[in-house]
Every structure is written in C-alpha cells, then in structure tokens.
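Below is one structure; the comments refer to it alone.
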Amino acid sequence: MTWTSDEMTRLATAEELQIAARRDDGTLRDPVTIWVVRYGGDVYVRSVTGPTASWFRGARDRHEARVHAGGVEKEVALFDADHRLDDQIDDAYRVKYHRYAPSIISAITSPDARATTLRLVPAKPAATDPGETL
C-alpha cells in the first residue's frame, strides 16, 4: 500500500504524530506523541531519546502500529530507514522544526536518534476491536 497524496500532505504538515505500537497479542500500546517528517515519498519518525524509549522498543517488537496525525488515522508497517538518508532526514527535521530550541533539534538529529529512524508504510488494517482508536 502507499500513501495517498492527501494523506502524505496531512502527515507531512502535522506538527506531531501519535503512534501506538501493537503488542504481540495485537492490542495497541498507549499512544506516544512524536515528531514526523517527510523526505521524498516517505514518512519518517525517530525516537528523540534513542533506542531505549519504550515506544520504540515496542514498535521494533512487531513492526506494526497505528498512527494519527493531521486527521489521518492509519495502520502502518514500520521499517528501519535506509541510513544512507540520515543526513537528508536530519535536514527535514531541521527545516520543519526550526523554531524549536537548538538543543531539541540536536537531540532529534543525534546519533542515538538517527539510529531509530523508522519509515512508516500504510498497512492493511489489523483485525482488532472496531471501536479501538488512538
């Protein structure tokens, strides 16, 4: 599956994204608010605190989550980013979030954060409780 043009625009312009990773039993973990950027035709997220963040560890367990941002709510598959793109993704974070303190931008572009870069890809909806939302 791919993002529609509208979904891509909404996600790329959203200030923040809520992500809820799926547990092994298919239920959603509590959502966490994180920053999201677009580079090329893809959407990326990072853990500002690096690989020890609980949301990131949960996301890496199943590589499945539900995201909500800019009016888009979608099941996603999570893939490790191509780290040859780290510099370009750093630039996307700097451009989008330039009004924040330099220390915050430094954290999201740090080696630990870069190591957690995930590409979000739309997935088929999981078989879950239809009333389950973020």
Side-chain angles (χ1 to χ4, degrees):
M1 295 185 74
T2 60
W3 298 108
T4 67
S5 177
D6 181 59
E7 289 170 334
M8 182 64 74
T9 298
R10 288 171 178 254
L11 291 170
T13 59
E15 184 71 13
E16 298 173 323
L17 176 139
Q18 293 241 321
I19 187 166
R22 290 213 171 268
R23 294 182 182 94
D24 286 338
D25 66 3
T27 61
L28 291 173
R29 297 176 185 272
D30 290 336
V32 174
T33 303
I34 58 176
W35 283 355
V36 57
V37 295
R38 176 184 182 172
Y39 176 71
D42 291 308
V43 177
Y44 296 93
V45 296
R46 288 179 172 169
S47 169
V48 71
T49 58
T52 60
S54 61
W55 80 263
F56 180 77
R57 290 191 325 269
R60 293 293 302 272
D61 286 345
R62 268 188 70 155
H63 299 277
E64 297 175 0
R66 181 176 294 163
V67 297
H68 184 260
V72 175
E73 186 167 348
K74 200 87 155 173
E75 295 292 326
V76 295
L78 307 167
F79 295 94
D80 290 332
D82 178 347
H83 289 289
R84 294 175 295 184
L85 301 176
D86 282 346
D87 291 341
Q88 293 88 338
I89 295 169
D90 284 353
D91 288 343
Y93 274 103
R94 286 185 191 103
V95 168
K96 183 172 180 181
Y97 297 104
H98 68 277
R99 68 188 170 286
Y100 288 88
S103 61
I104 296 172
I105 301 303
S106 293
I108 199 68
T109 58
S110 72
D112 280 349
R114 287 170 66 134
T116 67
T117 308
L118 297 172
R119 182 170 55 96
L120 306 181
V121 177
K124 285 180 22 179
T128 59
D129 177 3
E132 185 180 77
T133 61
L134 286 180

What is the minimum heavy-atom distance between [X] and [Y], and which atoms define it?
{"X": "V36", "Y": "L11", "answer": "CG1-O, 3.6 Å"}
{"X": "A107", "Y": "A113", "answer": "O-CB, 3.3 Å"}
{"X": "A69", "Y": "L17", "answer": "CB-CA, 3.8 Å"}
{"X": "V37", "Y": "K96", "answer": "CG1-CD, 4.1 Å"}
{"X": "I108", "Y": "R46", "answer": "O-NH1, 2.9 Å"}
{"X": "A77", "Y": "A123", "answer": "N-CB, 3.8 Å"}

Given side chains that start at C-beta, do those of [X] and [Y] come closer than 4.5 Å, heavy atoms only?
{"X": "I104", "Y": "Y97", "result": "no"}
{"X": "Y93", "Y": "I105", "result": "no"}
{"X": "Q18", "Y": "V67", "result": "no"}
{"X": "E64", "Y": "E75", "result": "no"}
{"X": "D61", "Y": "R29", "result": "yes"}
{"X": "V76", "Y": "W3", "result": "yes"}
{"X": "R114", "Y": "D87", "result": "yes"}

Review point. With the threshold set at 4.0 Å, does a side-chain nitrogen-carboxylate oxygen contact exist between D25 and R23?
Key: no
Practice item. Before accepting this row, confirm whether a basic side-chain N of the pair D80/R60 lies closer than 4.0 Å to the acidic partner's carboxylate O. Key: yes
Practice item. Look at the side chain of R62 and the backbone N and O of D24, then say whether any donor-acceptor pair between them is shorter than 3.5 Å. Key: yes
Exercise for review: Enter the distance from T117:OG1 to L78:CG here, rounded to the nearest 0.5 Å.
Suggested key: 12.5 Å
**Study point:** Nearest-0.5 Å distance that lies between atom CG in D30 and atom CD1 in I19
**Key:** 13.5 Å
Check your understanding: V121 and V72: same hydrophobic cluster, using ILVMFWY side-chain contacts below 4.5 Å?
Key -> no
**Study point:** Cluster link F79 to M8, ILVMFWY, side chain under 4.5 Å
**Key:** no
Review point. Under the side chain to side chain donor-acceptor pair (under 3.5 Å) rule, what pairs show up with a residue in residues 36-45, not counting sequence neighbours?
Key: none
Exercise for review: Using only heavy-atom distances, determine whether the side chains of T4 and D6 contain a donor-acceptor pair under 3.5 Å.
Suggested key: no
Exercise for review: Apply side chain to side chain contact (heavy atoms under 4.5 Å, CB included) to F56 and L118, showing your working.
Suggested key: CA-CA 9 Å; F56 180 77; L118 297 172; 3.8 Å; yes
**Study point:** Sequence-distant partners of D112, salt bridge (charged side-chain N to carboxylate O under 4.0 Å, His left out), two or more places apart
**Key:** none
